[in-house]
Each structure stands twice: as C-alpha cells, then as structure tokens.
Amino acid sequence: MSATEPRLKRERKCSREIFERAEKILVGGVNSPVRAFRSVGGEPLIIQRGSGAHLYDADGNELLDYVCSWGAMILGHANPAISAAIADQAQNGTSFGVTTELEVELATLITQAIPFIEKIRFVSSGTEATMSAVRLARGVTKRDFIVKFEGCYHGHADSFLSQAGSGLATMGIAECPGVPQALAALTLNVPYNDLPSVERVFAENKDKIAAVIVEPIAANMGVVSPSMDFLKGLRQISQHNGALLIVDEVITGFRLRYGSVQDMLGIVADLTTLGKIIGGGVPVAAYGGRAELMNHVAPLGPVYQAGTLAGNPLAMRAGIAALKQLTKPGLYDEMAQLAQRLVLGLRSELEEAGIPAQINAIGSLSTVFFTAEPVRNYGDAKRSDTKRYARFFREMLDRGIFLAPSQFEAVFVSAVHTSADIARTLAAARESLQAIAADSGVKS
Ligand code: KE4
C-alpha cells in the first residue's frame, strides 16, 4: 500500500456508530481501559472477527494484528483446532462447578512443561492468579509487605496498583483511588533492574516482606529485559530474607519457549503465575509452585481462594488444544526469526528516517521507544517520546498495521505471522517514519 493510496480502505462509519453506542453503556466504551486508545489518539477499533494474524473491523478493514489479544493469541485468531475443541465441548457442557478430567489434563501438560510447578490452581484471569499468589505468600510467611517493580503490571488487584505499568502507565495513574492507604503502604515499589534498591528495601523492612513479585521479562512498561544477574539476585535476596519469589509469567509463560522462561534465565521461583496463552484465547490463568507451598491453599490449608468458573471444561479444552500445538518442532524458533526480521528491519527504517529510537526485543516480544537513550526501567520508558509513539501507532494503523495502542505494552509476533506480513509491516513503517520525519523536520 503506497502512502498515496487511501488509508484504511473504508471510512470507519460502522465502527464509529457502534462505539458511540458502546460509550453510552460501557464505561469509556470499553471493558479494559487500554482499548480506548486514550494515549495514542484516534478512534478505538471495533473488531468484528479475527482470522489467523488478521483482525477485521466493523467496516471490513483488514488489520495485521501485533496485539494478539495482549499476547494470548500466539496461534492466531480462530485457530481451527482450538475452535473445534470449543465447539465440541459446548455440546457437552461448558461449566459444571465440579472437577473434570480436563483440568487434570491441562494441569498435567503445564506441570510436565514446567516441572518446578508441582501443584497448580486454575483461575479465570491473570489478576486472580497474582492476587492469589500474593495472598498465599502472605499466609505462608505471616508477613504483610510485598515488593514489586515500577512499571511492572500484575493485574488490577489492590496491592498492585501503585507505580504499575500497562493500563495505569498508559493512563498516567501512579496511585489508584479506592485502594486503602493502609494497604497501598504494604506495597514497596523499586526500580526494575535495580538490585541495590531491593537490598535496601529488605534492610529497611527486616522480616516484614512476604514476597517479591516480578515479571521475568518486563512487558508492561514496554519490553524491558532483566539485566545480567538481576533475577538471580532477586532469588538470592528473597531466599536470604525468608521471602518468597513470585515470578509473574502471565505474558512470558509459553511465549518464548514451550514452558517457563525461568530456566532460560537461571532461576526457579517459589510461585509462578500463568495466563493468556494457556487458555488459548478463553479465560484461563493459574498459579502454582512447590506442593508444600500450594498445600496451604483451601481446601487443604487455610489460605482461601475460589472461583465459580475456575477450570471450566470449555476453557480447559481451549487451553489443551493450544498447548498441544505449541509442541510443534521449530515453532518458537520460526516465531523468533520472524520477530528478529521485524526488529532489524524497523531499526534500519528508523536509521534511514534519521529518527532516534530504541527497540527492546526478546523472542517474539518487542517495543519501539522513541529515545536515543537505552530503556532499562520504567523511568527510562517514561522519558521516551510517547507522543511520537502515538503518531507512529496512528500512521501504522492507517496502513492496516495494528500495533499496541500504548507505549507501555509489547508487540507480539505469533506463530501465524508470515514473511510477507513482516515485509508489509516494514513497508508501512518506512512510509510512517518518513511522514513523521518530514513533519518534524528530522533530516531524512
Ligand atoms: P488479566 O487480569 O488482565 O488477565 O492479567 C493481568 C496481568 C498479570 N500479569 C501480567 C504480566 C500481565 O501482563 C497482565 C495483563 N496484561 C495486560 C496487557 N499487558 C492486559 C491488557 C488489559 O489490561 O486490557
């Protein structure tokens, strides 16, 4: 599509009409804030269907999708095997509120892939998983404080809503009203990749910290990789201080390899949270770890956690169908190679356009930050030119490429993106960046 061609093929009249109705009855017209595109401007999308790596909006525009439902759709939209499993299970009942063998099957797949998770509990959202893991850590250690990292996002449970990434960062919300100050005070925020600060906060709160919770590869401040030995340092410091290490793999679980990234990064958490990919696009999340810890959860122990639809057979079938496809030899390597081509191509287009930027990337995850400086934590990410990111997002969307509608999210390459998709993306990036360079007087 050349710059002179009409942008999105159709005026988005239907989408606009639907969104106007949505705004009357859904808060902000959305069911999750980032979908409102507040930080990138332009009109939020109304998607009618998805297929493979593409989404189709209410006006029939085709979009190449790099959001992938925030990482869940690693196998693309309407994956045939997942759709067939859901359709079949729908004929046999979607939720019984009693255990089924399907829960055992999905739990077995996960624990075989991640052997240091000896026992697991399914829940219906990543927030429930992280919230429950923190409650368990507090229950086991009988301590109240937790340590999290500025810019990391672990869902919208009260204890996580300070200095968080993802939607809060997008909306510029540092402290969330409605969270009791007494509770917020129990969450100690330190910069990502800053072990001395972790040491300090433990020294200042001796024997009071129940857990450290961390994204092993941050993806909610944009993608920020752990610096060498950061995670190993967290493991040592938490162990030394009698605190649990909770590694939040809601994004990274089964994203970069079939299983956990922890083995790749040389650590083993006490508790691990999972979500997104393990549900195959249907609400499934989980927390798990050593049996001696998990056995503190009801009904075996006193730490209470429950859920009406937890482990429901419909979701289990979708998760099983997803994980069974992720064992395909070479699948992750091909995704990583395609993602690398995207990143290298973007870097050269940025250089060609004379626009300073960093691209943080690992495996099929990446984020473009418009800054000349490295981005190693949330402070660095916030200092990048988020207005230029918003412009880049809009220019790319106009050309049919749907990137994350926030600087503080990741771009996901899936197993169904193709070389042609990457080529198309890079062509759109060239035009978008040249338009930006021309407007901002950057020498081309
Ligand atoms: P959910 O409650 O949204 O299923 O999961 C919360 C969560 C926990 N941990 C990590 C590392 C996460 O990334 C998330 C949720 N991710 C965001 C996007 N980065 C969800 C998108 C949204 O909030 O609409």
Side-chain angles (χ1 to χ4, degrees), residues 26-40 44-45 47 65-74 122-134 146 148-161 164-171 173 176 192 211-226 231 246-256 260-262 269 271-287 307 309-310 315 318-319 362 364-367 378 381 402-412:
L26 302 174
V27 179
V30 296
N31 282 304
S32 199
V34 71
R35 305 177 191 173
F37 288 15
R38 291 287 170 102
S39 73
V40 291
L45 293 173
I47 296 301
D65 179 24
Y66 285 102
V67 173
C68 300
S69 185
W70 307 100
M73 310 314 287
I74 194 169
F122 288 117
V123 294
S124 299
S125 72
T127 297
E128 278 188 272
T130 53
M131 174 177 75
S132 307
V134 162
I146 63 168
K148 69 173 275 293
F149 295 90
E150 293 158 4
C152 282
Y153 179 73
H154 305 291
H156 65 89
D158 285 352
S159 291
F160 304 133
L161 296 184
S166 185
L168 285 101
T170 301
M171 312 290 288
I173 299 172
C176 177
Y192 196 74
V212 177
I213 185 167
V214 67
E215 290 180 60
I217 295 162
N220 286 292
M221 54 182 102
V223 173
V224 172
S225 293
L231 296 171
I246 302 171
V247 173
D248 179 356
E249 294 214 53
V250 167
I251 284 185
T252 58
F254 295 88
R255 166 53 56 182
L256 304 185
S260 161
V261 291
Q262 294 174 51
L271 294 172
T272 298
T273 56
L274 298 166
K276 297 182 193 270
I277 289 171
I278 67 167
V282 172
V284 179
Y287 65 105
L309 293 172
I362 183 163
S364 52
L365 285 168
S366 65
T367 299
Y378 186 36
F402 181 35
L403 301 177
S406 162
Q407 172 67 79
F408 306 110
E409 297 289 355
V411 150
F412 297 92

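Quantities reported herein were computed from a predicted structural model and do not represent experimental measurements. In each ligand, atom 1 is the first atom listed, and ligand 1 is the first ligand listed.
- At a heavy-atom cutoff of 4.0 Å, ligand 1 is contacted by both the backbone and the side chain of Thr127.
- Taking a cut-off of under 4.0 Å to the non-hydrogen atoms of Ser32, the atoms of ligand 1 that pass are 22 (C), 23 (O), 24 (O).
- The closest protein non-hydrogen atom to atom 16 (N) of ligand 1 is Lys276 NZ, 3.0 Å.
- A side-chain donor-acceptor contact under 3.5 Å links Tyr192 to the backbone of Glu215.
- The shortest heavy-atom distance from His156 to ligand 1 is not under 4.0 Å.
- Among all non-hydrogen protein atoms, the one lying nearest atom 19 (N) of ligand 1 is Asn220 OD1, 2.5 Å.
- To the nearest 0.5 Å, atoms NE2 (His154) and CE (Met131) are separated by 14.5 Å.
- Using a 4.0 Å cut-off between heavy atoms, Glu409 contacts ligand 1 through its side chain alone, with no backbone atom that close.
- Not one N or O of Glu215 is nearer than 3.5 Å to an N or O of ligand 1, by distance alone.
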* To do: Starting from the C-alpha separation in whole Å, work towards a yes-or-no answer on side chain to side chain donor-acceptor pair (under 3.5 Å) for Glu249 and Thr272.
  => CA-CA 7 Å; Glu249 294 214 53; Thr272 298; 5.1 Å; no

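- Using a 4.5 Å cut-off on side-chain heavy atoms (C-beta onward), Pro216 and Leu231 make contact.
- Near Ile251, the atoms of ligand 1 lying under 4.0 angstrom from a non-hydrogen atom of the residue are 13 (O).
- Proximity of atom 3 (O) of ligand 1 to the protein is not indicated, since no non-hydrogen protein atom lies closer than 4.0 angstrom.
- Of the candidates Ser166, Ser125, Gly155, Gly155 brings a heavy atom nearest to atom 6 (C) of ligand 1.
- The nearest heavy-atom contact from the protein to atom 10 (C) of ligand 1 is Tyr153 O, 3.3 Å.
- Short contacts between ligand 1 and Val34, defined as distances under 4.0 Å to a heavy atom of the residue, involve ligand atoms 24 (O).
- Judged purely by atom type and a 3.5 angstrom limit, Thr367 uses its side chain to pair as donor or acceptor with the backbone of Glu409.
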* Please step through side chain to side chain donor-acceptor pair (under 3.5 Å) for the pair Ser364 and Arg255, ending with a clear verdict. => CA-CA 8 Å; Ser364 52; Arg255 166 53 56 182; 3.0 Å; yes

